[in-house]
Trainee: 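Sending over a structure as structure tokens; questions will come in a sec.
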Amino acid sequence: ARRRTIQAMRIVHGVRGWLVARWELSLVVAISLGITGCSTTPAALQPSDQANRSAVSETRPASIKKADSSAGAASDRDEFFDPFAKSEEPSDGEYDPWESFNSTMFEFNRKADRFVLKPAAQGYNLLVPDAVQIGVSNFFYNLRFVPRFVNNVFQGKVTGAGMETGRFLVNSTLGAGGFLDIATRMNLRTPEEDTGQTLGYYGVPPGPYLVLPLMPPLTLRDGVGYLADIFLDPINWLVLPLIEIQGVPSAIAHKNRTTTSVIQLGRRVGEITNDRALNLEKFQGVEEATLDLYAAVRNAYLQKRAKAIRE
């Protein structure tokens, strides 16, 4: 049983990635409906980045595994946790007072993946080579440099901030705009930081665990932090202005809300589908092998976040 549970943990990072993207997609759809006709009203927020995937039975070619191993930053984020393992560090606990509601939402999200996202990702996977998929993933990760850099600064991690800057400069130039992860090959690696971790660093408790429709697993603290990361992403107010700041110019004029919404929506759909296609092989047999997938994902998510904050 322990071995099966450990197997389930391997899906957690991939799980978190595409559900975060799915959360973003749902918010962008709401944004599109709400702002296209309101050129004088500040726009809603657009999320920028990764947890409950359903188990699947497909396999992928060995080439993707080799390519994944060369993308160091991605491999760092694939770490999983054994809920039965003893840790020398204290745990934040499993505060899940809304478990009944969360379990229902968890099942809803799994079915949405099973009947909508997974088939789309399978078709995409047939058309797009693995190397291109990895390049697209690297490109979107490189775009989210600013929130990671700022949160390193907020936590006083000067080395981490410098490393993020170096990674961005190297990959944006030598890496063809971020499609190639040259920085990892140069051993420029640093843990990914976000505002949820920054809040935890300053002692804000995680609050209850929460699962919502088409959203990733969260704690209340991480939900607030995730929204804050949207504000920290300059793409959302300098390039594709979903956040309008009076007097601040943008690549696409604020009045062109329909254009901005369509581009943002297309961007998110592309990233969601690409990420899901990259992770098709991670779920083979997990659904059948795990007695309580909800608890396994919850425990792994909470452990992962607690460890990230301690570090």
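Please read all numbers here as calculations on a predicted model, not as lab measurements.
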Trainee: Closest heavy-atom contact between F154 and T198?
Mentor: CB-CG2, 3.8 Å
Trainee: Linking I/L/V/M/F/W/Y whenever their side-chain heavy atoms sit closer than 4.5 Å, directly or via other members, would V297 and L210 fall into one cluster?
Mentor: yes
Trainee: Any luck finding a side-chain donor-acceptor pair between N274 and Y124 under 3.5 Å?
Mentor: yes
Trainee: Would a 4.5 Å heavy-atom cut-off, applied to side chains only, mark L232 and N151 as touching?
Mentor: yes
Trainee: Is there a side-chain hydrogen bond (donor to acceptor under 3.5 Å, both in side chains) between N102 and D96 once you walk through the steps?
Mentor: CA-CA 8 Å; N102 289 341; D96 190 5; 2.8 Å; yes
Trainee: Tell me, with the steps shown, if Q155 and Q197 meet side-chain hydrogen bond (donor to acceptor under 3.5 Å, both in side chains).
Mentor: CA-CA 9 Å; Q155 296 177 42; Q197 293 179 49; 4.9 Å; no
Trainee: In plain terms, say whether D229 and R144 are close enough for a salt bridge, that is, a side-chain N and a carboxylate O under 4.0 Å apart.
Mentor: no
Trainee: State, with a plain yes or no, whether a side-chain heavy atom of L240 is found less than 4.5 Å away from one of T259.
Mentor: no
Trainee: Measuring from atom CG of D222 to atom CG of L302, what distance do you get when rounded to the nearest 0.5 angstrom?
Mentor: 9.0 Å
Trainee: Is any side-chain heavy atom of F231 closer than 4.5 Å to one of N236?
Mentor: no
Trainee: Using a strict threshold of under 4.0 Å (side-chain N to carboxylate O), is an ion pair present between R298 and D292?
Mentor: no
Trainee: Step by step, would you call K157 with T190 a side chain to side chain contact (heavy atoms under 4.5 Å, CB included)?
Mentor: CA-CA 10 Å; K157 297 181 177 180; T190 185; over 6 Å; no
Trainee: Side chains of F101 and L212: does their closest heavy-atom pair fall under 4.5 Å?
Mentor: yes
Trainee: Decide side chain to side chain contact (heavy atoms under 4.5 Å, CB included) for Y294 and E99; before the verdict, give the C-alpha distance in whole Å, the side-chain angles of both, and the deciding distance to 0.1 Å.
Mentor: CA-CA 10 Å; Y294 169 80; E99 182 172 356; 3.8 Å; yes
Trainee: Ignoring hydrogens, what is the shortest heavy-atom contact between S172 and N142? Give both atom names and the distance.
Mentor: OG-ND2, 3.0 Å
Trainee: Under the 6.0 Å and 45° cation-pi test, does R148 pair with Y141?
Mentor: yes
Trainee: Side chains of L242 and Q264, heavy atoms from C-beta outward: is any pair under 4.5 Å?
Mentor: yes
Trainee: Would you say the side chain of R185 lies within less than 4.5 Å of the side chain of L174, judging by non-hydrogen atoms?
Mentor: no
Trainee: Would you say that V211 contacts Y301 through its side chain, given a criterion of any heavy-atom pair below 4.5 Å between the two side chains?
Mentor: no
